[in-house]
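First the structure, in the form of structure tokens, and then the observations on it.
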Amino acid sequence: MHPVNDLDLRRWREYTEILTDSLWLLGPRDNSGMHTPEYWGNFVPQIPRQAMLRFTRAGELVLDPFLGLGTTLIECRRLGRFGIGVELVPEVAARARRLVAREPRRGGVRTRILVGDSQNPEIQRAVRAQMRRWGFSAAHLLILHPPYHNIIRFSDLEADLSNAPDEEEFYRRFAQVLDNFVPLLEEGRYLVLVIGDRYARGEWIPLGFRAMERVLERGFRLKSICVKDIHENRGKRGQHHLWRYRALKEGFYVFRHEYVMFFQKMRRGRRAGR
């Protein structure tokens with residue numbers, strides 16, 4: 001089996017940037033270069049950077065079916081990885097193309113943004129065709145940062161997971177994305193799921209763990225669950241006292257974390273946990 005990263009473990013003390021603990025206190029968002037916090041759904045660039053440093057090698061291929069403004073592809077260009085991202089909303093994809101194109105490329109790698117619905121099997125065919133044009137038979141890392149159901153509505157498009165009418169439909173749509181993209185990932189390589197929970201009708205909804213089960217059902221084993229701190233987001237900006245009052249009144253705790261889950265795709269003939 002080929003190594004999944006470029007780390008030389010004889011020099012392990014030198015890799016001070018790379019996290020190995022499960023509590024991720026990442027601090028302020030990295031807004032350097034073409035990274036921007038302007039889009040509600042952007043995750044912090046430190047997440048895909050950590051994932052690529054740990055679980056890819058230079059010149060390998062990363063896929064992101066929930067691209068947003070291109071955070072993953074910007075990191076691909078910085079770290080010398082090929083990258084393909086899919087974005088549902090044409091206007092968001094156009095803005096992402098402009099941002100990603102302005103980020104310098106390292107090592108001659110290339111990135112591509114496709115506009116479409118990651119639930120649609122046609123997207124799998126389009127991604128696979130692009131992979132073949134670049135000489136790849138499989139991808140080496142799959143990064144998924146889906147909407148946390150309807151906490152934020154990202155568009156008016158029916159296919160948007162944030163518009164799923166109920167929780168079960170959200171999981172069904174998420175599972176369809178998995179079914180389109182998991183076959184593109186090389187056996188033995190990693191899938192990263194970045195997701196949080198939600199609160200509805202007086203109940204904590206463990207969205208992250210229920211989504212995790214959908215991944216495990218598709219031939220993966222769980223390698224780690226990291227808990228990342230959330231700094232004040234746009235939905236709660238300037239409302240700290242209001243949310244604290246609501247928490248005290250209604251008996252809940254305000255979300256200050258999300259999950260970064262790491263899974264490894266099992267080889268044929270093996271089952272997770274055996």
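Computed over heavy atoms, backbone and side chain alike; hydrogens, waters and symmetry mates excluded.
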What residues form a side-chain contact (heavy atoms from CB on, under 4.5 Å) with [X], not counting sequence neighbours?
{"X": "Pro165", "answer": "Glu169, Arg173"}
{"X": "Ile123", "answer": "Val86, Val127, Phe181"}
{"X": "Glu103", "answer": "Met34, Ile74, Arg77, Arg78"}
{"X": "Ala175", "answer": "Arg214, Arg218"}

Return the minimal non-hydrogen interatomic distance between [X] and [Y], and the atom names on each side.
{"X": "Lys228", "Y": "Val44", "result": "CE-CG2, 3.6 Å"}
{"X": "Leu61", "Y": "Met131", "result": "CD2-CG, 3.5 Å"}
{"X": "Ala51", "Y": "Phe262", "result": "CB-CE2, 4.3 Å"}
{"X": "Cys76", "Y": "Met52", "result": "SG-CE, 3.6 Å"}
{"X": "Gly208", "Y": "Asp197", "result": "N-OD1, 2.9 Å"}
{"X": "Ser155", "Y": "Val89", "result": "CB-CG2, 3.7 Å"}

Next item on the list: Indicate whether any N or O donor in one side chain lies under 3.5 Å from an N or O acceptor in the other, for Tyr148 and Glu258.
Entry: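 Their side chains do contain a donor-acceptor pair, which is all the 3.5 Å distance test asks for.
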Ignoring hydrogens and geometry, is there a side-chain-to-backbone donor-acceptor pair from [X] to [Y] under 3.5 Å?
{"X": "Lys265", "Y": "Leu185", "answer": "yes"}
{"X": "Glu186", "Y": "His140", "answer": "no"}
{"X": "Arg29", "Y": "Phe43", "answer": "yes"}
{"X": "Gln130", "Y": "Arg112", "answer": "no"}

Would you give the length of the straight line joining atom [atom1] of [X] to atom [atom2] of [Y], rounded to the nearest 0.5 angstrom?
{"X": "Tyr190", "Y": "Leu141", "atom1": "OH", "atom2": "CG", "answer": "10.5 Å"}
{"X": "Cys226", "Y": "Met261", "atom1": "SG", "atom2": "CE", "answer": "10.0 Å"}
{"X": "Phe154", "Y": "Asp160", "atom1": "CZ", "atom2": "CG", "answer": "7.5 Å"}
{"X": "Glu75", "Y": "Leu53", "atom1": "CD", "atom2": "CG", "answer": "8.5 Å"}
{"X": "Arg128", "Y": "Arg133", "atom1": "CZ", "atom2": "CZ", "answer": "13.0 Å"}
{"X": "Ile47", "Y": "Asp30", "atom1": "CD1", "atom2": "CG", "answer": "12.0 Å"}

Notebook entry, point to check: Under the side chain to side chain contact (heavy atoms under 4.5 Å, CB included) criterion, do Met266 and Phe220 qualify, and how do the steps go?
Noted result: CA-CA 5 Å; Met266 302 294 288; Phe220 287 83; 5.6 Å; no
For [X], I'd like to know if atom [atom1] has over 12 heavy atoms of other residues, nucleotides or ligands within 6.0 Å.
{"X": "Arg110", "atom1": "CZ", "result": "no"}
{"X": "Arg153", "atom1": "CZ", "result": "yes"}
{"X": "Arg102", "atom1": "CZ", "result": "no"}
{"X": "Asp166", "atom1": "CG", "result": "yes"}
{"X": "Tyr245", "atom1": "OH", "result": "no"}
{"X": "Glu250", "atom1": "CD", "result": "yes"}

Margin query: Name the residue from Leu63, Val215, Leu193 that meets the side-chain contact (heavy atoms from CB on, under 4.5 Å) definition with Leu142.
Written below: Leu63
Report the residues that fulfil salt bridge (charged side-chain N to carboxylate O under 4.0 Å, His left out) with [X], sequence neighbours left out, ordered by chain and then residue number.
{"X": "Asp8", "value": "Arg10"}
{"X": "Arg11", "value": "Glu14"}
{"X": "Arg198", "value": "none"}

Next item on the list: Would you please test Ile205 and Arg210 for side chain to side chain contact (heavy atoms under 4.5 Å, CB included) and show each step?
Entry: CA-CA 9 Å; Ile205 308 298; Arg210 290 172 180 169; 3.9 Å; yes
Extract all donor-acceptor atom pairs below 3.5 Å that involve side chains of residues 64-73 and protein atoms in other chains or at least two apart in sequence.
{"from": "Asp64", "atom 1": "OD1", "to": "Phe66", "atom 2": "N", "distance (Å)": "2.9"}
{"from": "Asp64", "atom 1": "OD2", "to": "Thr72", "atom 2": "OG1", "distance (Å)": "2.8"}

Next item on the list: Could you tell me whether Arg125 and Glu122 have a side-chain N and a carboxylate O separated by less than 4.0 Å?
Entry: yes
Check: What orientation do Tyr259 and His257 show, parallel under 30°, tilted 30 to 60°, or perpendicular over 60°?
Finding: perpendicular
Heavy-atom distance under 4.5 Å between the side chains of [X] and [Y], does that happen here?
{"X": "Val254", "Y": "Arg246", "result": "no"}
{"X": "Val192", "Y": "Leu144", "result": "no"}
{"X": "Arg81", "Y": "Val109", "result": "no"}
{"X": "Leu216", "Y": "Leu222", "result": "yes"}

Checklist line | Single hit among Trp243, Tyr253, Phe252 for ring-ring contact (aromatic ring centres under 6.0 Å, His included) with Tyr199 | finding: Phe252
Item checked: Derivation of the side chain to side chain contact (heavy atoms under 4.5 Å, CB included) call for Val62 and Ile84 -> CA-CA 6 Å; Val62 179; Ile84 301 173; over 6 Å; no
Extract all donor-acceptor atom pairs below 3.5 Å that involve side chains of residues 90-98 and protein atoms in other chains or at least two apart in sequence.
{"from": "Arg95", "atom 1": "NE", "to": "Glu38", "atom 2": "OE2", "distance (Å)": "3.1"}
{"from": "Arg95", "atom 1": "NH2", "to": "Glu38", "atom 2": "OE1", "distance (Å)": "2.9"}
{"from": "Arg97", "atom 1": "NH2", "to": "Ile113", "atom 2": "O", "distance (Å)": "3.0"}

Notebook entry, point to check: Under a 4.5 Å side-chain heavy-atom rule over Ile, Leu, Val, Met, Phe, Trp and Tyr, are Leu19 and Val4 clustered together?
Noted result: yes
Item checked: side-chain hydrogen bond (donor to acceptor under 3.5 Å, both in side chains) pairs, two or more places apart, involving residues 17-26 ->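 Non-adjacent pairs meeting side-chain hydrogen bond (donor to acceptor under 3.5 Å, both in side chains): Glu17-Arg49.
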Next item on the list: Write out all pairs satisfying ring-ring contact (aromatic ring centres under 6.0 Å, His included) with one or both partners inside residues 76-120, taking only residues at least two apart or from two chains.
Entry: Phe82-Trp134, Phe82-Phe136
Item checked: Sequence neighbours excluded, every pair satisfying salt bridge (charged side-chain N to carboxylate O under 4.0 Å, His left out) that has a member inside residues 51-62 -> Asp6-Arg57, Glu60-Arg189
Notebook entry, point to check: When the ring centroid of Phe255 is compared with that of Trp204, is the distance short of 6.0 Å?
Noted result: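 Yes: the rings meet the under 6.0 Å criterion.
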Next item on the list: Give the C-alpha distance, both sets of side-chain angles, the deciding distance and a yes or no for side chain to side chain contact (heavy atoms under 4.5 Å, CB included) between Leu207 and Ile195.
Entry: CA-CA 8 Å; Leu207 198 74; Ile195 194 165; 4.3 Å; yes
